[in-house]
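The structure displayed is predicted, hence computed values, not measured ones.
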Amino acid sequence: MSRHQAYRNYDYENDLEEYDGGNYSDEEELSPEDEAQMKAATAEVSTALGNEAHKVSTAQIQQSLWHTYYDVDKTVAYLLNKFIAPPTTKPPKNKEAASNKKLASSTKKKGGSDEKTDQAADGVKALKINDTPLPKSKNLDVLSEFEKSKSKKSASFVVVGHVDAGKSTLMGRLLLDLNFVDQRTIERYRKEAESMGKSSFALAWVLDQRTEERSRGITIDIATNKFETATTSFTILDAPGHRDFIPNMIAGASQADFAILVVDAATGAFESGLKGQTREHALLIRSMGVSRVLVAVNKLDTVGWSQERFDEIEQQVSGFLSATGFQLTNVSFVPVSGLLGDNLVNRSQDPAASWFTGETLVKELENSEPMVRALDKPLRMTISEVFRSTQSPLTISGRIDAGSLQAGDALLIQPSGEKAYIKSLELDSEPVDWAVAGQNVVIHLSNIDPIHVRVGDIVCDPKSPIGCIDTFTVKVLAFDILMPGQVDVHRGRLHASGQIMEMPALLDKVKGTVVKKNPKIVKPASVARIRIKMGSKVPLEAGQRVVLRSNGETIAAGLLE
Ligand SMILES: Nc1nc2c(ncn2[C@@H]2O[C@H](COP(=O)(O)OP(=O)(O)OP(=O)(O)O)[C@@H](O)[C@H]2O)c(=O)[nH]1
């Protein structure tokens with residue numbers, strides 16, 4: 001895994017407290033990007049330390065930079081405090097603290113006097129985020145801008161299925177055939193894969209970018225990739241098939257308009273997939289509100305494009321999808337070979353596949369209308385990534401679940417309850433003035449300390465904030481036996497531990513009426529109303545979907561009442 005990625009989403013305040021100057025090692029190689037950043041930041045720190053620079057070694061500077069994710073000011077403060085002029089008494093509060101940049105240059109000018117460096121270190125601590133001027137808003141009427149823009153439809157889909165069903169290969173091939181990745185890159189991956197003895201994984205590597213994933217040959221986090229067709233701009237959420245990574249899958253499904261369920265048609269593989277994650281994934285995506293599924297019956301090349309095999313799989317998968325609560329009118333089946341690209345963008349040229357006269361996978365995707373967007377509802381966006389970018393030390397990304405936003409807007413981050421402002425924003429790597437529900441947006445924030453912003457937090461409008469609660473009632477479908485006790489609660493990227501306190505009612509599955517009050521246990525496949533108490537307050541509100549897990553198993557999913 002590249003260092004850069006490893007440090008996305010990290011809680012640096014905590015880390016900095018824990019950090020005591022050691023353990024930066026050169027064992028792992030820095031990515032070229034990290035190397036350049038490290039070099040530039042080391043030079044900046046040396047400049048900022050001025051005459052004091054000789055009192056610390058390059059290794060000490062780099063260890064601290066590493067730990068603060070190249071935060072020059074924090075590093076200067078740390079080095080001053082730790083090695084150059086450790087405070088003997090509690091330093092006085094410096095109310096006149098200037099901005100980070102000013103501090104760095106003033107340290108440079110003044111460097112030399114212990115008293116002054118002490119003040120400078122103190123200044124780092126006292127820096128006020130709110131001293132930064134607020135970004136300007138164009139005060140646009142975003143909804144009418146959106147209507148005028150006639151922008152392409154946008155849709156996100158999650159790719160689920162059993163381990164090794166071929167999800168990443170299929171998506172890699174789709175991107176290749178749609179010219180969103182070039183043949184040269186694939187060739188490079190193929191060579192690298194061959195050198196690792198895993199040549200069949202080359203296409204999957206388009207999605208599984210991280211070295212750790214490559215060497216294990218599995219998808220670990222949600223990989224997002226984009227592609228466009230003439231009508232629609234798509235975001236792929238490639239969810240890991242491995243059962244240890246189900247929380248990531250839940251996060252992916254909670255952002256998805258629809259799902260591609262990849263099943264492996266190879267002899268025996270489909271059957272073991274059905275017993276394995278295929279069923280659990282189908283239940284989960286349904287529980288997360290996904291109602292449209294495209295079933296890619298994959299690896300048909302391995303069974304000679306047998307129509308009989310396809311029909312058999314279609315029949316069985318239809319059976320269990322409808323038992324899981326999907327309406328079959330919302331389910332389509334496409335026979336494909338992800339590896340060879342048959343019936344993805346182009347029809348299969350294999351004469352053995354000529355029996356199939358339906359649409360290709362891409363056409364089916366285009367025909368899948370995204371859900372109606374909650375454009376005029378209060379803003380809600382779950383943060384899926386927090387990172388440092390060239391535009392801002394604090395950049396977040398995620399899909400807007402409801403409402404809209406524009407540059408200059410004030411935002412409220414829950415659960416911290418801290419305000420931030422939108423300095424600028426991007427859609428598909430292009431700067432834009434606004435964004436609406438359904439779009440995956442990158443937001444450069446200002447006027448907030450990064451410690452208040454974490455993956456899984458909710459961004460909302462300060463005027464209509466989401467509340468933070470620690471007790472709630474949820475109507476769940478049980479996948480396993482439920483009884484009072486410890487559970488992990490997942491909503492999008494948020495996971496927190498809680499406890500089933502009470503189970504007030506067993507409900508009729510169809511009518512929702514109370515069948516039994518206070519059942520001692522709830523059996524699998526039953527619907528029940530349960531009360532959950534969380535360990536701390538979390539941003540949750542009625543209508544949201546949550547998944548309950550225990551000991552690494554998904555035990556229930558449902559809707560907050
Ligand atoms: N013959 C054939 N092999 C395929 C096809 N699709 C994928 N494979 C192979 O199946 C293996 C697994 O493919 P992946 O794409 O990594 O599977 P995955 O579902 O993404 O796996 P996880 O990331 O572990 O969940 C690789 O060796 C692929 O080359 C196909 O259509 N035909």
Side-chain angles (χ1 to χ4, degrees), residues 5 8-11 142 154-158 221-226 233-239 247-257 288-290 370-371 373-375 377-389 391-407 409-416 418-432 434-446 448 450 452-462 464-466 468 490-496 538-541 544-546:
Q5 269 163 329
R8 281 178 163 209
N9 314 331
Y10 90 122
D11 172 358
V142 174
S154 63
S156 302
F157 62 89
V158 66
D221 198 356
I222 292 282
T224 52
N225 276 273
K226 309 225 168 230
S233 150
F234 289 102
T235 303
I236 310 173
L237 308 155
D238 175 44
N248 288 334
M249 212 221 84
I250 296 169
S254 68
Q255 299 172 41
D257 294 308
M288 296 314 290
V290 173
M371 302 179 295
R373 310 272 185 216
L375 297 182
K377 294 269 173 0
L379 172 70
R380 298 289 184 263
M381 178 186 122
T382 307
I383 299 177
S384 57
E385 276 187 301
V386 178
F387 53 102
R388 195 182 166 110
S389 66
Q391 280 88 335
S392 165
L394 182 58
T395 296
I396 57 173
S397 68
R399 176 173 179 268
I400 304 176
D401 297 320
S404 62
L405 45 77
Q406 62 180 305
D409 273 359
L411 302 174
L412 187 80
I413 315 288
Q414 288 287 46
S416 69
E418 292 288 325
K419 232 174 171 181
Y421 288 83
I422 305 181
K423 203 157 105 184
S424 56
L425 58 149
E426 289 173 37
L427 282 178
D428 298 333
S429 312
E430 294 292 330
V432 289
W434 50 265
V436 297
Q439 292 177 321
N440 287 284
V441 65
V442 169
I443 307 177
H444 305 296
L445 292 178
S446 73
I448 187 165
H452 301 303
V453 184
R454 291 168 192 230
V455 167
D457 286 358
I458 302 223
V459 171
C460 52
D461 178 352
S464 323
I466 184 170
C468 290
H490 294 248
R491 192 204 50 74
R493 289 234 165 223
L494 174 118
H495 349 142
V538 286
L540 281 174
E541 61 189 351
Q544 285 182 330
R545 289 173 187 275
V546 292

In Å and rounded to the nearest 0.5 Å, what is the [atom1] to [atom2] distance from [X] to [Y]?
X	Y	atom1	atom2	answer
Gln414	Ile466	CD	CD1	7.5 Å
Leu394	His452	CG	NE2	10.5 Å
Thr382	Ile458	OG1	CD1	4.0 Å
Tyr421	Ile443	OH	CD1	14.5 Å
Ser397	Glu385	OG	CD	4.0 Å
Ile448	Ser416	CD1	OG	5.0 Å

Practice problem: Test salt bridge (Lys or Arg N to Asp or Glu O under 4.0 Å) on Lys377 and Asp461 and set out the steps. | Solution: CA-CA 10 Å; Lys377 294 269 173 0; Asp461 178 352; over 6 Å; no

Contact between [X] and [Y] at the side-chain level, heavy atoms closer than 4.5 Å - yes or no?
X	Y	result
Val538	Arg491	no
Trp434	Val436	yes
Gln439	Leu405	no
Leu425	Val442	no
Leu494	Pro539	yes
Met381	Ile396	yes

Quiz item: Going through the checks in order, is the side-chain contact (heavy atoms from CB on, under 4.5 Å) test met by Val459 and Leu412?
Solution: CA-CA 6 Å; Val459 171; Leu412 187 80; over 6 Å; no

Quiz item: Charged N to carboxylate O below 4.0 Å: is that the case for Lys423 and Asp409?
Solution: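 No.
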
Which heavy atom in [X] sits nearest to a heavy atom in [Y], and how many Å separate them?
X	Y	value
Cys460	Arg380	CB-NH1, 3.4 Å
Lys419	Pro462	CE-CG, 4.1 Å
Leu427	Ala435	CD2-CB, 4.4 Å
Ser464	Pro378	CB-CB, 3.7 Å
Ala402	Ala437	CA-CB, 3.8 Å
Ile422	Gln406	CD1-O, 3.4 Å

Quiz item: Step by step, would you call Asn440 with Ser156 a side-chain contact (heavy atoms from CB on, under 4.5 Å)?
Solution: CA-CA 9 Å; Asn440 287 284; Ser156 302; 3.3 Å; yes

Exercise. Begin with the C-alpha distance, continue with both residues' side-chain angles, and end with the deciding distance and a verdict on side-chain contact (heavy atoms from CB on, under 4.5 Å) for Thr395 and Leu445.
Key: CA-CA 6 Å; Thr395 296; Leu445 292 178; over 6 Å; no

Practice problem: Would you check, one step at a time, whether the test side-chain contact (heavy atoms from CB on, under 4.5 Å) holds for Leu411 with Leu379? | Solution: CA-CA 9 Å; Leu411 302 174; Leu379 172 70; 3.6 Å; yes

